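Beneath this line is the structure, given in structure tokens, with notes to follow.
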2 protein chains.
Amino acid sequence: MNALIPIKPATLHDVAREAGVSLITASRALSNPGLVSDKTIERVKQAVEVTGYIPNLLAGGLKSKRSLLVAALVPALSVSQFLPTVQALNESLAEAGYQLILGQTGYDSAREEAMLNTMISRRPDGIVITGLVQSPAGRERLQRAGIPVVETWDFSDRPVDMLVGFSLLKVGGAVAGYFLGKGWHKVGVATGGDHRALMRRDGFVATIGRDVPTAIVPAPSSLELGRRALSELLQKEPALRAVCCSSDQLAHGVLIEAQARGLRVPEDLAICGFGNADFSAHTVPSISTVHVDGPEIGRLAARMIVDRCRGEAVAKPVVDIGFRIVERGSTAA
Amino acid sequence: MNALIPIKPATLHDVAREAGVSLITASRALSNPGLVSDKTIERVKQAVEVTGYIPNLLAGGLKSKRSLLVAALVPALSVSQFLPTVQALNESLAEAGYQLILGQTGYDSAREEAMLNTMISRRPDGIVITGLVQSPAGRERLQRAGIPVVETWDFSDRPVDMLVGFSLLKVGGAVAGYFLGKGWHKVGVATGGDHRALMRRDGFVATIGRDVPTAIVPAPSSLELGRRALSELLQKEPALRAVCCSSDQLAHGVLIEAQARGLRVPEDLAICGFGNADFSAHTVPSISTVHVDGPEIGRLAARMIVDRCRGEAVAKPVVDIGFRIVERGSTAA
DNA sequence: CTGTTAGCGCATTCAA
DNA sequence: TTGAATGCGCTAACAG
């Protein structure tokens with residue numbers, strides 16, 4: 001019963017014959033109904049039912065130069081921070097009739113470049129990238145391909161094309177300023193080793209004004225690595241007063257490790273995460289964090305690409321979506 | 001500087017002219033080098049560099065009937081349980097030269113059907129579905145499309161085509177048996193409302209042998225909903241001894257709510273999750289759970305599709321990948 | 001409103 | 001080992 005039935009799929013040609021109209025009329029009835037009489041549309045629709053026709057977008061895209069495909073490049077799907085963005089992107093695009101094609105670039109720029117080529121070979125109508133395009137070669141190839149590009153989750157005055165993001169340096173600086181405002185000086189950083197996390201660390205260190213104890217953990221960051229990171233930091237600085245983490249997963253691990261060591265949070269040790277994960281408001285104590293509107297990034301990126309594809313001007317091709325510190329129990333001294 | 005440079009992308013035709021060979025020789029040099037002399041290959045490769053040629057897979061796929069595209073349908077990307085599967089699927093497929101195209105079906109079967117059509121219109125070389133195809137119409141359309149299909153994360157003796165999964169009923173039954181073996185009789189269930197979670201609940205209830213207090217939470221499940229679910233269960237059954245949760249996120253919420261209420265885990269209340277999330281081994285106490293090898297599901301599904309596309313027979317088209325209960329602190333009485 | 005013509009860019013025939 | 005012709009399924013551009 002599992003044998004694949006090798007019925008040749010119906011083509012638009014079959015539909016047209018069944019409906020007694022020409023090929024192009026059938027085409028229009030389906031994709032441009034305004035140009036066709038209601039009666040004809042009805043007949044074509046019936047013919048579609050009868051034949052079981054499903055359009056072939058490869059063929060349509062080849063001719064029309066619109067693949068209705070958008071490529072999303074993420075470092076790794078396991079980085080849950082980007083998931084809400086990808087999800088919102090997917091939904092917004094689906095509403096406009098586009099599909100999302102997914103590529104994992106890893107954290108290595110050679111692979112990113114290869115992935116760019118792979119994606120361009122699908123002739124997508126848009127490309128959404130997490131972070132900035134690293135390699136100059138990649139930048140040039142994208143520009144020459146003439147495909148709308150949206151860089152996200154970072155900021156640059158000179159994007160390849162369009163951008164929705166925020167300044168990583170400012171995020172780090174803001175958390176540092178918040179810590180200093182609380183009078184915490186013995187501070188540390190628990191961070192992933194990827195480029196964007198390290199940029200936030202740089203922003204943090206710059207505002208603190210001197211080097212700080214840092215524990216760098218490999219991607220993907222996790223609760224477990226957060227526990228280890230705190231152990232490492234406490235060795236470097238036993239009197240540690242506050243920790244800035246590059247994700248809420250890490251922050252959660254730091255919280256649990258602190259509690260396991262009998263440290264009170266936030267009285268003995270304050271903790272701030274990044275990303276405002278769904279669990280962060282509901283731990284005990286709840287985790288202070290930096291909130292970024294991930295879904296909005298996805299929605300805006302989708303809008304930009306769809307507008308561009310429709311030939312409309314994109315109102316704001318570079319958007320700083322900002323961020324905000326969410327103060328919760330883990331720093332509410 | 002952001003203007004899109006409207007250079008017409010180089011085609012294989014341009015490459016062939018640049019290399020001084022015919023179109024088809026250029027084509028073979030790139031996709032079937034065995035048939036072409038080394039010297040020619042070299043010249044074609046140089047021509048590719050010079051022209052900046054990037055293949056057009058829409059055109060190639062149209063002619064060759066191989067799109068090198070695989071569609072993955074998930075209920076929602078936010079359901080983190082499936083993420084490792086999608087990630088492994090993506091990686092395995094990428095190694096074989098395939099790209100993944102993502103579709104969210106939601107939890108509604110009308111949308112699933114629409115999404116199936118959308119995906120089929122891309123003429124993917126394979127379709128991987130989370131769960132079983134619900135609608136008979138969808139089943140039929142898939143069979144007629146002649147596209148290899150892998151259903152996952154569930155079990156059936158009569159899959160549409162191929163399957164990698166496990167029995168949801170058995171999972172529920174196994175957890176119930178484990179609870180009974182511990183002598184816990186005042187048990188409850190905290191579960192998501194989706195089909196697969198409810199199947200596990202059914203398996204649990206069947207083995208317990210009588211109805212049990214149940215809190216059903218909307219998708220996606222989260223720590224927060226876990227906290228609420230325990231509150232609800234304790235109202236229904238103040239003497240609750242153990243809770244079976246449909247995800248580790250829920251279990252984590254139940255754990256935190258229990259601790260916030262001064263209940264000792266596992267002495268007063270035992271908790272079991274599902275999915276073996278990355279954090280579950282590292283909470284205090286750690287969370288007992290049901291482990292399913294999600295990445296392996298993705299790898300096997302990829303293998304099945306790739307084998308099928310190569311015309312090789314798929315050794316085992318229906319795989320029960322099983323599961324195992326991981327006993328940790330939250331039930332280690 | 002409907003139809004005819006002419007390709008999109010490439011790979012699968014064939015033949016040399 | 002190379003090439004010429006042909007068409008995959010569809011739609012843009014122009015006619016009627």
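Naming convention: chains lettered A, B, ... in sequence-line order (proteins, then strands); numbering from 1 in each chain. None of these values were measured; they are calculated from a predicted model.
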Inset, instruction - Compare every heavy atom of Arg43(B) with every heavy atom of Gly20(B), then report the nearest pair and how far apart it is. - result: O-NH2, 4.4 Å
Legend entry - dG9(C) base / Arg123(A) side chain donor-acceptor hit below 3.5 Å: no
Inset, instruction - Examine the side chains of Ser121(B) and Thr118(B) and answer whether a donor and an acceptor come within less than 3.5 Å of each other. - result: no
Inset, instruction - Round to the nearest Å and state the distance from Arg28(A) atom CZ to dC1(C) atom C1'. - result: 8 Å
Inset, instruction - Using a strict cut-off of less than 4.0 Å between a Lys/Arg side-chain nitrogen and an Asp/Glu carboxylate oxygen, indicate whether Arg141(A) and Glu113(A) qualify as a salt bridge. - result: yes
Inset, instruction - For His13(B) and dG7(C), give me the distance from atom NE2 to atom P, rounded to whole Å. - result: 13 Å
Inset, instruction - Round to a whole Å and report the spacing from CG of Leu58(B) to P of dT11(D). - result: 13 Å
Inset, instruction - May I ask you to say whether Asp108(B) pairs ionically with Arg111(B), meaning some side-chain N is under 4.0 Å from a carboxylate O? - result: no
Inset, instruction - Would you indicate, yes or no, if dT2(D) has its OP1 or OP2 atom less than 4.0 angstrom from a side-chain nitrogen or oxygen of Thr25(B)? - result: no
Inset, instruction - Compare the minimum distances between each of dT11(D), dG3(D), dT2(C) and the side chain of Ser22(B), then state the nucleotide with the smallest one. - result: dG3(D)
Inset, instruction - Would you kindly give the CD-to-P distance between Glu42(A) and dC1(C), to the nearest whole Å? - result: 16 Å
Legend entry - Closest to side chain of Leu35(A), choosing from dT2(C), dT11(D), dG9(D): dT2(C)
Legend entry - Leu30(A) CG - dT2(C) P separation (whole Å): 13 Å
Inset, instruction - Would you please say whether a donor-acceptor pair under 3.5 Å links the side chains of Gln87(A) and Gln104(B)? - result: yes
Legend entry - Protein-nucleotide distance (Leu62(A), atom CG; dG7(C), atom C1'), rounded to Å: 9 Å
Inset, instruction - Measure from the side chain of Lys63(B), starting at C-beta and using heavy atoms only, and say which of dA12(D), dG3(D), dC8(D) lies closest. - result: dC8(D)
Legend entry - Nearest-nucleotide pick for Thr11(B), side chain only, options being dT4(C), dT2(D), dG9(C): dG9(C)
Inset, instruction - Measure from NZ on Lys65(A) to C1' on dG7(C) and round the result to the nearest Å. - result: 10 Å
Inset, instruction - Kindly point out which of dT11(D), dC8(D), dA4(D) is positioned nearest to the side chain of Ser31(A)? - result: dT11(D)
Legend entry - dC8(D) phosphate, OP1 or OP2, under 4.0 Å from Lys8(A) side-chain N/O: no
Legend entry - Flag if over 12 foreign heavy atoms under 6.0 Å of CZ, Arg299(A): yes
Inset, instruction - Please work out if Leu23(A) contacts a base, only the sugar-phosphate, or nothing of the nucleic acid, heavy-atom cut-off 4.0 Å. - result: base
Inset, instruction - State plainly whether the residues Asp161(B) and Arg308(B) are in salt-bridge range, i.e. N to O under 4.0 Å. - result: yes
Legend entry - N/O (side chain, Thr40(A)) to phosphate O (OP1/OP2, dC1(C)) under 4.0 Å: no
Inset, instruction - Round to the nearest Å and state the distance from Leu57(A) atom CG to dC10(D) atom P. - result: 10 Å
Legend entry - Angle by which the axis turns from one end of the helix from dC1(C)-dG16(D) to dA16(C)-dT1(D) to the other, five pairs per end, to 10 degrees: 30°
Inset, instruction - Between dT2(D), dG9(D), dC1(C), spot the one nearest the side chain of Ser37(A), thanks. - result: dC1(C)
Legend entry - Closest listed nucleotide, where the reference is the side chain of Asn56(A) and the choices are dG3(D), dC10(C), dC10(D): dC10(D)
Legend entry - Side chain of Ile24(A) (C-beta onward), nearest among dA13(D), dT2(D), dC10(D): dA13(D)
Legend entry - dC10(D) phosphate, OP1 or OP2, under 4.0 Å from Ser27(A) side-chain N/O: no
Inset, instruction - Please step through salt bridge (charged side-chain N to carboxylate O under 4.0 Å, His left out) for the pair Lys45(A) and Glu42(A), ending with a clear verdict. - result: CA-CA 5 Å; Lys45(A) 284 198 171 157; Glu42(A) 200 42 50; 5.8 Å; no
